[in-house]
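Encoded as structure tokens, the structure appears first; notes follow it.
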2 protein chains.
Amino acid sequence: MEPSKPDLVPNPAVRRLSLYLRHLEVMQQKARTTISSKQLGVALGYTDAQVRKDLAYFGQFGHPGIGYRVDDLIGRIRRILATDRTWNVILIGGGNLGRALLSHPGFGPKGFRIVAVFDTDVSKIGSPAHGLVIRPMASAPLYLRENPVKLAILAVPAEVAQHVADDLVAAGIRGILNFAPVALSVPSDIAVNSVDLTVQLEQLSFLVNSTESTRKA
Amino acid sequence: MEPSKPDLVPNPAVRRLSLYLRHLEVMQQKARTTISSKQLGVALGYTDAQVRKDLAYFGQFGHPGIGYRVDDLIGRIRRILATDRTWNVILIGGGNLGRALLSHPGFGPKGFRIVAVFDTDVSKIGSPAHGLVIRPMASAPLYLRENPVKLAILAVPAEVAQHVADDLVAAGIRGILNFAPVALSVPSDIAVNSVDLTVQLEQLSFLVNSTESTRKA
DNA sequence: GGATGTGAATGCATTCACAGCA
DNA sequence: TGCTGTGAATGCATTCACATCC
């Protein structure tokens with residue numbers, strides 16, 4: 001049995017784990033060997049208690065009086081996030097965004113490898129894209145039967161996103177990173193993470209507008 | 001004085017407002033005239049009480065027995081999010097991601113217009129990019145003095161992101177959408193929204209891995 | 001009947017504060 | 001002394017439940 005699968009982990013804690021890992025990797029690059037919860041917190045804008053509690057959900061990784069050993073903590077968090085292995089990922093959508101994601105340099109070092117690209121738009125089929133060739137969406141189920149992949153990135157227009165998601169789930173995909181501006185409906189055991197770029201900008205416009213108004217007061 | 005600037009709005013509520021708006025715009029397209037908090041909630045995966053409370057933070061927009069008038073609510077939320085006007089945006093970074101964002105069709109209809117592109121990489125300067133020409137980052141302060149713009153999208157490597165952010169803030173930028181995998185440090189009256197693509201995938205790998213393990217049990 | 005708006009109650013997440021260890 | 005790990009306390013966000021209105 002795997003060690004330490006805690007009963008109840010706050011969802012935000014998992015998100016922060018990724019950020020801790022990101023900063024730890026920078027510290028490792030700089031040959032730092034240990035780091036305290038205080039230092040990690042300051043670097044990312046959290047309290048030291050927050051950092052300790054987040055980590056404590058998964059085990060006892062620290063050393064009183066010393067802090068956390070950087071190498072060790074990196075390994076621990078990677079195991080928790082399950083990125084201590086390589087995840088093959090398929091990309092749906094060979095448009096501008098899709099191709100930008102294909103050539104995104106950050107995925108590889110973090111353990112994610114895009115192994116195939118599909119598109120519903122027949123005019124794109126066969127085009128080369130960063131070392132891969134865009135395949136017809138209809139061929140995805142067969143591909144997934146021969147090459148089991150659990151993660152998919154969805155970079156297609158909103159109108160077809162739900163339909164594509166249904167097909168992916170039926171073909172065995174278990175997690176979807178969705179860039180289409182629509183709320184996908186999927187079975188509860190399928191993970192979905194949505195990134196809507198305009199929503200991000202709207203949040204900023206709200207915040208900037210608020211501070212502007214407050215300023216005059 | 002502007003009406004209804006509530007004292008305390010939960011941050012998550014503002015995020016959901018964007019999602020409500022997105023769905024309302026689809027409903028408007030379908031010529032729906034009214035919608036209830038229940039229907040809106042079901043479409044997005046929230047409870048009806050959640051929807052009503054979120055909206056009630058900003059005023060009384062609904063009609064008992066009827067629901068919310070779609071056109072009206074769209075206008076209200078746009079005013080709240082301050083997207084009832086056009087926001088000019090500058091883009092920093094003419095790489096793959098930057099150029100994909102430039103050609104992103106969703107921004108315009110939502111009121112965001114990218115008006116200039118800058119890059120620190122001299123080899124990119126002068127290249128055409130979706131109707132614009134990439135300018136040297138050093139020219140950004142002058143540009144911003146002549147064309148006041150409040151929002152910036154940051155699509156540069158992590159190593160230069162903080163430096164660029166500092167320059168942008170000094171030049172008057174008030175909100176930053178950051179795609180670099182690093183926590184930006186900015187004055188408290190500057191809004192920052194960070195999107196780290198690998199963090200998104202890590203969340204999925206965690207979730208998928210969890211459900212896989214649980215399944216066998 | 002059908003829906004909103006909202007105080008009260010609940011449930012989560014964060015922070016405090018301190019015992020315990022190096 | 002310096003720092004972790006953790007129960008207890010606080011603070012926020014969500015949900016309940018109901019008075020109110022069309």
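The chains referred to below are lettered A, B, ... by the order of the sequence lines, with proteins before strands, and numbering in each begins at 1.
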On DNA chain C, nearest-nucleotide positions of B:Ile66 versus B:Ala49: which is more 5'?
B:Ile66
Would you mind reading off the distance between A:Asp48 atom CG and D:dG2 atom P, rounded to a whole angstrom?
14 Å
For B:Ile80 and B:Leu17 the tightest heavy-atom approach is CG2-CD2, 3.7 Å
Hey, does the side chain of B:Thr47 come within less than 4.0 Å of D:dT14's phosphate (OP1/OP2), counting only N and O?
no
NZ/NE/NH1/NH2 to OD/OE distance under 4.0 Å, A:Glu202 and B:Arg78:
no
Please determine whether a side-chain nitrogen or oxygen atom of B:Gln50 lies at a distance below 4.0 Å from atom OP1 or OP2 of D:dT14.
yes
Spacing between B:Lys53 atom NZ and C:dA3 atom C1', to the nearest angstrom:
16 Å
Rounded to whole angstrom units, what separation is found between the CZ atom of A:Phe58 and the P atom of D:dT6?
14 Å
Can you identify which nucleotide, out of D:dG5, D:dC21, D:dC3, has its nearest atom closest to the A:Ser36 side chain?
D:dC3
From CG of A:Asn11 across to C1' of C:dC12 the rounded distance in Å is 11 Å
A:Leu101 to A:Ala155 - nearest heavy-atom pair and separation:
CD1-CB, 4.4 Å
For B:Gln50 versus B:Thr47, what's the shortest heavy-atom pair and its separation?
N-OG1, 3.1 Å
Would you say A:Arg16 reaches C:dT14's phosphate, i.e. side-chain N/O to OP1/OP2 under 4.0 Å?
yes
Between C1' on D:dT6 and CZ on A:Phe61, what's the gap in Å once rounded to a whole number?
15 Å
Please say whether the positively charged group of A:Arg16, taken as NZ for Lys or CZ for Arg, lies over the ring of A:Tyr46, i.e. under 6.0 angstrom from the six-membered ring centre and within 45 degrees of the axis.
yes
Separation of D:dC12 C1' from B:Tyr57 OH (nearest whole Å)
9 Å
Distance-only donor-acceptor test (3.5 Å): side chain A:Lys38, base D:dG2:
no
Distance test, side-chain N/O of B:Gln60 to OP1/OP2 of C:dT6, below 4.0 Å:
yes
What's the closest nucleotide to the A:Arg52 side chain, out of D:dT6, D:dC3, C:dG2?
D:dT6
OP1 or OP2 of D:dG5 less than 4.0 angstrom from a side-chain nitrogen or oxygen of A:Tyr68, does that happen here?
yes
I want to verify a distance call: between D:dT4, C:dT4, C:dT14, whose nearest atom is closest to the A:Ser37 side chain?
D:dT4
Write down the distance between CG (A:Asp54) and C1' (D:dT6), rounded to a whole number of angstrom.
14 Å
Here the distance between atom C1' of D:dT4 and atom CG of A:Asp72, to the nearest Å, is 14 Å
